[in-house]
Student: 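Encoded as structure tokens, here's the structure I'll be asking about.
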Amino acid sequence: MALPGEPATRRPWAILAAGLALALFPLLDSPFYLELITKVMILAIFAMSLDLLVGITGLVSLGHAAYFGIGAYVLALRTPRYDPASFWTTLPLAVGLSALAAFLVGIFVVRVKSTYFIMATLAFAQMFYFLFHDTEFGRGSDGITMNFKPAAAIGDLQVFDFGNPRTTYFVALGALALVLGFLRFLLGSPFGRALRGIKANEQRMRSLGFRTYHYKLASFTLAGALAGLAGYLSALQYGYVNPELLSWHQSGNVLLMVILGGPGTFTGAALGAFGFALLQEVFQAATLRWQLLLGATIVLLVLFVPGGLASLRARFRAALVGGPRP
Amino acid sequence: MDLASLLIQLLNGVQYGLLLFLVASGLTLVFGIMGIINLAHGSFYMVGAYMAFVFASATGSLLAGVVLGIGLSVALGMLLEWTLFARLYQRDHLDQVLLTYGLILVLEELRSILVDNDVHGVPVPPMLAGSIPLTANLSYPVYRLFLSGVCLVIGGLMYLLIQRTRLGMMIRAGASNREMVQSLGLNIKLVYRLVFALGVALAAFAGMIAAPVSSVYPGMGTHVLIICLVVVVMGGIGSVRGALLAALLIGIVDTFGRVFLPQAAGVVVYLVMAAVLLWRPEGLFRSI
């Protein structure tokens with residue numbers, strides 16, 4: 001039986017080609033699409049971080065937006081009114097604090113069963129939402145507009161000029177590539193194999209002597225840290241944060257991205273982010289009532305295409321040449 | 001703060017808690033018996049409140065609106081169970097989360113198309129519009145007391161239904177072992193459909209009777225859903241008793257939190273949930 005994540009290792013060329021296309025895209029010189037694809041690449045990082053939980057560890061989190069939002073808020077709150085913040089200090093801080101928040105929540109939630117986990121992650125995410133929404137320190141529902149993009153200087157040399165959308169684009173692309181590489185490395189490591197073992201059969205892993213609680217907590221913390229990275233980049237791109245970044249719609253949408261692409265492969269989650277953005281653009285162009293179309297599409301997808309869009313290929317093949325249906 | 005205002009806050013907290021119990025009990029029953037995690041449950045509350053608003057303004061009577069609304073919400077529950085949820089019993093929680101998330105988007109948008117996106121008030125029925133004087137300048141509205149009374153009555157009826165009737169026996173049996181119930185020749189599908197419709201009706205009913213107090217607004221379903229998830233998680237998934245206890249606790253904590261810690265009001269409830277989870281990771285009660 002193929003473990004999740006393995007089929008895609010057979011297509012490194014597809015990943016390289018996609019990377020090359022993304023690297024060459026700015027040559028087209030289309031500011032609108034440059035910004036859109038930057039956004040989608042950041043969402044892809046976010047979706048991949050959730051895939052570590054959903055597709056690899058088997059933990060369905062419905063509160064993942066909280067850590068995305070914390071990463072974003074760290075940049076906004078650390079940006080002084082009259083100066084740019086330093087990229088080199090705020091980025092690790094954002095990732096670190098998102099990881100810390102995920103760790104603290106994880107202590108509570110990773111020891112409970114799957115349904116509990118869904119509800120408890122959602123509830124804790126809502127707590128963070130209200131933390132930024134209701135309190136003085138989060139500046140309420142209006143959010144925070146940053147006057148400056150962070151400065152990334154080493155000595156006198158300005159390494160990244162985030163005033164230029166292309167720089168942001170390439171930084172997002174670089175982050176996407178790094179995170180994808182890191183996660184795929186992780187997947188093949190003993191740690192990643194243990195996580196997959198937990199997804200397949202936690203009881204058995206425990207009886208083999210694995211402390212599954214610690215593995216799950218580590219996975220949850222790591223996923224929170226990567227979501228924080230995505231949130232940081234998102235705040236960097238738009239120069240603006242508000243509590244909606246932590247809303248459970250955001251958590252639901254990112255879960256949808258993971259499912260669209262097929263959980264357990266990371267590249268699938270990234271593709272899901274692109275698919276979701278495309279779907280949203282098409283629906284929004286078609287009607288003001290696009291939420292109705294989106295909702296109906298989700299319902300029909302679950303009813304008639306269990307396994308997500310990722311299973312369509314296998315279904316198609318099964319219909320043509322026979323063989324096992326997914 | 002003097003005694004009378006404390007009493008008022010306590011009554012408000014209990015009333016809010018009892019209302020939450022009505023919504024959360026349906027959520028916990030549907031989970032405990034059918035194993036379905038239904039995120040759209042809060043939307044049924046929203047649907048109920050909007051039905052109360054639309055029908056009460058059309059007929060001029062909240063009572064008529066409630067009667068009509070209960071009938072429609074039972075029908076809605078039956079229809080949704082038949083078309084959507086019956087297909088989810090064998091699926092994993094991920095599919096259930098997704099489908100019900102999609103359903104939320106559909107119901108929200110339908111609400112926006114059929115009614116509108118404004119905030120509406122629903123008048124308190126004239127018979128219950130008065131208030132009871134407590135001190136010289138403090139009084140308590142009759143309708144809120146009536147609300148608590150209605151919730152208590154319904155809670156009592158649910159207890160009788162589950163503990164004392166044949167259907168209740170089937171519900172309890174189905175919660176503990178559905179295969180066994182099926183192999184004994186009982187129609188578990190019918191039980192499921194009834195329980196689901198009951199859950200929808202309870203949530204919608206709570207929305208209807210809460211409408212005069214809370215007003216009717218877009219997004220009200222989401223808010224209730226998440227608080228009810230907290231209640232269910234604290235009470236123990238599937239436990240109606242646990243839901244009652246947790247709902248009262250949340251209602252009182254939330255109300256007093258808003259009075260004493262207005263800055264952190266939204267967060268207090270979740271901290272209480274964290275404390276309960278630390279103490280009992282599986283919630284307060286295990287069984288129905």
Side-chain angles (χ1 to χ4, degrees), chain A residues 54-55 58 60 62 104-105 107-109 111-137 247-249 251-253 255-256 258-260 263 287-304 306-308, chain B residues 27 31 35-37 39-40 83-84 87-88 90-110 112-113 222-223 225-234 236-238 258 261-271 273-278 281-283:
Chain A
V54 175
V60 180
L62 196 51
L104 292 177
V105 170
I107 289 174
F108 292 94
V109 296
R111 52 179 173 169
V112 299
K113 278 184 298 199
S114 71
T115 9
Y116 248 71
F117 186 81
I118 297 170
M119 298 189 191
T121 47
L122 173 58
F124 277 109
Q126 208 62 13
M127 180 177 89
F128 286 114
Y129 172 83
F130 282 116
L131 193 66
F132 290 110
H133 189 274
D134 284 1
T135 59
E136 199 68 27
F137 121 98
S247 77
W248 77 298
H249 280 280
S251 296
N253 287 343
L255 190 58
L256 199 59
V258 173
I259 307 305
L260 271 180
T287 163
L288 275 177
R289 305 287 183 194
W290 64 278
Q291 298 247 31
L292 185 64
L293 279 182
L294 181 64
T297 309
I298 299 172
V299 170
L300 294 177
L301 204 67
V302 174
L303 283 186
F304 299 112
Chain B
L27 189 64
F31 180 77
I36 292 256
I37 167 162
L39 297 180
T83 53
L84 302 179
R87 290 155 215 271
L88 283 181
Q90 307 304 326
R91 301 286 195 84
D92 63 5
H93 294 311
L94 195 57
D95 282 354
Q96 300 173 356
V97 164
L98 274 180
L99 186 137
T100 51
Y101 179 67
L103 192 58
I104 292 175
L105 297 182
V106 170
L107 287 174
E108 266 313 306
E109 205 64 48
L110 284 178
S112 155
I113 293 171
T222 306
H223 179 74
L225 169 77
I226 290 169
I227 289 290
C228 283
L229 289 180
V230 171
V231 167
V232 169
V233 164
M234 275 173 60
I237 297 183
R258 277 173 212 290
L261 288 168
Q263 268 296 300
V267 180
V268 178
V269 170
Y270 302 97
L271 293 179
M273 178 189 74
V276 169
L277 279 186
L278 201 60
E282 303 279 307

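When reading the values below, keep in mind they use all heavy atoms of this one structure, side chains included, and skip hydrogens, waters and symmetry mates. Lettering of chains follows the sequences in order, A, B, ..., and the numbering in each one begins at 1.
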Student: With chain B, which of A:Asn253, A:Leu255, A:Leu293, A:Val109 has the greatest number of heavy-atom pairs at distances under 4.5 Å?
Tutor: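 Maximum pair count with chain B is reached by A:Asn253.
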Student: Can you tell which part of A:Ile118 gets under 4.5 Å to a heavy atom of chain B, answering side chain, backbone, both or neither?
Tutor: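 Contact with chain B involves the side chain of A:Ile118 alone.
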Student: Looking only at heavy atoms and a cut-off of under 4.5 Å, which of A:Arg111, A:Gln291, A:Gln126, A:Arg289 has the most pairs with chain B?
Tutor: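 Max contact count across the listed options: A:Arg289.
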Student: If I compare all heavy atoms of B:Tyr270 with all of A:Phe124, which pair ends up nearest, and what's the gap?
Tutor: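 Answer, listing the atom of B:Tyr270 first, then A:Phe124: O-CE2, 4.5 Å.
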Student: Can you check side-chain contact (heavy atoms from CB on, under 4.5 Å) on A:Val60 and B:Asp92, steps first, answer last?
Tutor: CA-CA 10 Å; A:Val60 180; B:Asp92 63 5; over 6 Å; no
Student: Against chain A, work out which of B:Ile227, B:Leu271, B:Leu107, B:Ile237 has the most heavy-atom pairs shorter than 4.5 Å and name it.
Tutor: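 Of B:Ile227, B:Leu271, B:Leu107, B:Ile237, B:Ile237 has the most heavy-atom pairs under 4.5 Å with chain A.
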Student: Find out whether B:Leu225 and A:Trp248 are in side-chain contact, i.e. whether some heavy atom of one side chain is under 4.5 Å from a heavy atom of the other.
Tutor: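 B:Leu225 reaches A:Trp248 side chain to side chain.
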Student: Identify which part of A:Ile107 has an atom lying under 4.5 Å from any heavy atom of chain B, answering side chain, backbone, both or neither.
Tutor: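 Neither part, no heavy atoms under 4.5 Å.
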Student: Take B:Leu39 and A:Leu62, measure what side-chain contact (heavy atoms from CB on, under 4.5 Å) needs, and give me the verdict at the end.
Tutor: CA-CA 11 Å; B:Leu39 297 180; A:Leu62 196 51; 3.5 Å; yes
Student: Which answer fits A:Val299, side chain, backbone, both or neither, if we ask what part of it has an atom under 4.5 Å from a heavy atom of chain B?
Tutor: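 Contact with chain B involves both backbone and side-chain atoms of A:Val299.
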Student: With a 4.5 Å cut-off on side-chain heavy atoms, are B:Leu88 and A:Val302 touching?
Tutor: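 They are in contact (side-chain heavy atoms under 4.5 Å apart), so the answer is yes.
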Student: Hey, is the main chain of A:Phe304 close enough, under 3.5 Å, to the side chain of B:Arg87 for a donor-acceptor pair?
Tutor: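 Between the backbone of A:Phe304 and the side chain of B:Arg87 there is no qualifying donor-acceptor contact (under 3.5 Å).
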Student: Out of B:Val268, B:Leu103, B:Thr222, B:Val230, which one racks up the most heavy-atom pairs below 4.5 Å with chain A?
Tutor: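 Of the candidates given, the most pairs with chain A belong to B:Thr222.
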Student: At a heavy-atom separation under 4.5 Å, does A:Val105 approach chain B through its side chain, its backbone, both, or neither?
Tutor: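 Neither part.
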Student: For the side chain of A:Tyr116 and the backbone of B:Glu282, is there at least one donor-acceptor N/O pair under 3.5 Å apart?
Tutor: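 Judged by distance alone, yes, a pair lies under 3.5 Å.
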Student: Indicate the atoms forming the closest heavy-atom contact of B:Leu98 with A:Ile298, along with that distance.
Tutor: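 Smallest interatomic distance, heavy atoms only, reads O-CG2, 3.3 Å.
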Student: What distance separates B:Leu110 CG from A:Leu292 CG, expressed to the nearest 0.5 Å?
Tutor: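 The CG atom of B:Leu110 sits 5.5 Å away from the CG atom of A:Leu292.
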Student: Side chain from CB out, backbone as N, CA, C, O: work out which of these in B:Leu278 comes under 4.5 Å of a heavy atom of chain A, or both, or neither.
Tutor: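 Interface part for B:Leu278: both.
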Student: What part of A:His249 gets within 4.5 angstrom of chain B, counting heavy atoms only: side chain, backbone, both, or neither?
Tutor: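 It is both, since atoms from each part get that close.
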Student: Under a 4.5 Å heavy-atom cut-off, does chain A meet the side chain of B:Ser112, its backbone, both or neither?
Tutor: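 Interface part for B:Ser112: both.
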Student: Please examine the side chains of B:Asp95 and A:Ile259, heavy atoms only from C-beta on, and report whether any two atoms are closer than 4.5 Å.
Tutor: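 Not in contact.
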Student: Locate the shortest heavy-atom distance separating A:Ala296 from B:Val106; write the atom from each residue and the value.
Tutor: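 In terms of heavy atoms, the two residues are closest at N-CG2, 3.4 Å.
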Student: If you look at every heavy atom in A:Met119 and B:Val232, which pair is closest and at what distance?
Tutor: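 Closest approach of A:Met119 to B:Val232, heavy atoms only: SD-CG1, 4.1 Å.
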Student: Between B:Leu84 and chain A, with a heavy-atom cut-off of 4.5 Å, which part of the residue counts as in contact: side chain, backbone, both or neither?
Tutor: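 Both backbone and side chain.
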Student: Against chain A, work out which of B:Gln96, B:Met273, B:Glu108 has the most heavy-atom pairs shorter than 4.5 Å and name it.
Tutor: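 The candidate making the most pairs under 4.5 Å is B:Met273.
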